Asks: 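A single structure is presented below for examination.
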Number of protein chains: 2
Amino acid sequence: MTVQDLDAADRRILDALQSDGKLSNSEIAERTGMSTSPCWRRTRRLEDNGFIQGYRATIDRNRLGLGVLVFVLVQIDTHSEAEAAAFEKAVASFPQVVSCFSVGGGADFLLQVVCRNLDEYAEFSMTQIRRLPGIKAMSSNFVLKEIKPFEGWPVSAS
Amino acid sequence: MTVQDLDAADRRILDALQSDGKLSNSEIAERTGMSTSPCWRRTRRLEDNGFIQGYRATIDRNRLGLGVLVFVLVQIDTHSEAEAAAFEKAVASFPQVVSCFSVGGGADFLLQVVCRNLDEYAEFSMTQIRRLPGIKAMSSNFVLKEIKPFEGWPVSAS
DNA sequence: CTTGAAACATGCTCCGC
DNA sequence: GCGGAGCATGTTTCAAG
């Protein structure tokens, strides 16, 4: 089952659950204009086929005391496979690194890092990230304002 | 109620719901080693006090046909408040832009953009983003590999 | 804080259309 | 494929120890 098999009703279900994962089947059915049985079957099919990977609570970062959010661009020296793999493994093990992507273009890796405050970030980036082997350059982009926080993928757009 | 009011039990609840938002109260109670009543009260308190902002289904981007994920760093010319506000408003209205942050450091804004393919991204970035008023520089970092996808904030760490 | 129970809503299956 | 009826399970609230 691929994206071509999704019809408008499937997309409405995905959209609804992406905005509120606690919707009951009857609520989804009502919102998407179908009755409960087909709605339930479709939702289950979307789950079984991996379109819906799971459900998560969204937690307020600032309430948790994680006031500092930084996007760190990292360039590594050598592009040897072993070194890249070591970097990836090390980086993924830090709880402060909440996401990490290998990127092409200006940099090699993009890390999303959270800390309680600037002191903690300075300490972490200098003693943990910076000291990983093969790091050539590092630039920290501190988040000043969340213009549009992530709330899901565009399901029905364009 | 602030972060200081969270004890270990609260953190375990947040951690559990962050990894699986569909856990039933009895399952959370079992996982966190308490009985159902206090567990239910604590969960409700975390929701009421905004620690838990909501629940969302996690959807597989690639299954949706959104194969291209790009982090775009944007520098704007003038830092006039009006121009920045116009940029923010315009950018937030694009469905392809799934998140946007104002950052300090190397760039001014960091955008997370998804498209079906490279052609669509080229078209979008050139005709929509690039043409916004006041853009000085733009660098596209294409995601090659997801090393560590975002799965929530560190709740109990450090 | 815990147990237990009652009322209610929901998830899920089955069957007929 | 759709929709409805029915049962089993889970949630939510409350009272008592």
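Letters go in sequence order (proteins before strands), and every chain restarts at 1. Note that the structure is predicted; figures quoted are calculated from it, not measured.
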Asks: Is the backbone of Leu111(A) close enough, under 3.5 Å, to the side chain of Lys148(B) for a donor and an acceptor to pair up by distance?
Replies: no
Asks: Where along nucleotides 10-17 of chain C does protein come under 4.0 Å, by heavy atom, of base (B) or sugar-phosphate alone (S), with - for untouched nucleotides?
Replies: SSSB----
Asks: Should the heavy atoms of other residues, nucleotides or ligands under 6.0 Å from NZ of Lys22(A) be counted, would the total exceed 12?
Replies: yes
Asks: Between Ser37(B) and Ser35(B), does the side chain to side chain donor-acceptor pair (under 3.5 Å) criterion hold? Intermediate values first, please.
Replies: CA-CA 6 Å; Ser37(B) 291; Ser35(B) 69; 5.6 Å; no
Asks: Compute the angle between the rotation axes at the two ends of the helix from dC1(C)-dG17(D) to dC17(C)-dG1(D), each taken over five pairs, rounded to 10 degrees.
Replies: 20°
Asks: Whole Å only: how far is the CZ atom of Arg42(B) from the C1' atom of dT12(D)?
Replies: 19 Å
Asks: Any donor and acceptor pair, going by atom type alone, linking the side chain of Arg56(B) with main-chain N or O of Asp20(A) inside 3.5 Å?
Replies: no
Asks: Classify the ring geometry of Phe94(B) against Phe124(B): parallel below 30°, tilted from 30° to 60°, perpendicular beyond 60°.
Replies: perpendicular
Asks: Would you call the rings of Tyr121(A) and Phe142(A) parallel, tilted or perpendicular, where under 30° means parallel and over 60° means perpendicular?
Replies: perpendicular
Asks: Give a yes or no answer on whether the side chain of Asp15(A) reaches the backbone of Val155(A) with a donor-acceptor pair at less than 3.5 Å.
Replies: no
Asks: Do Arg61(B) and Val114(B) touch side chain to side chain, with heavy atoms closer than 4.5 Å?
Replies: yes
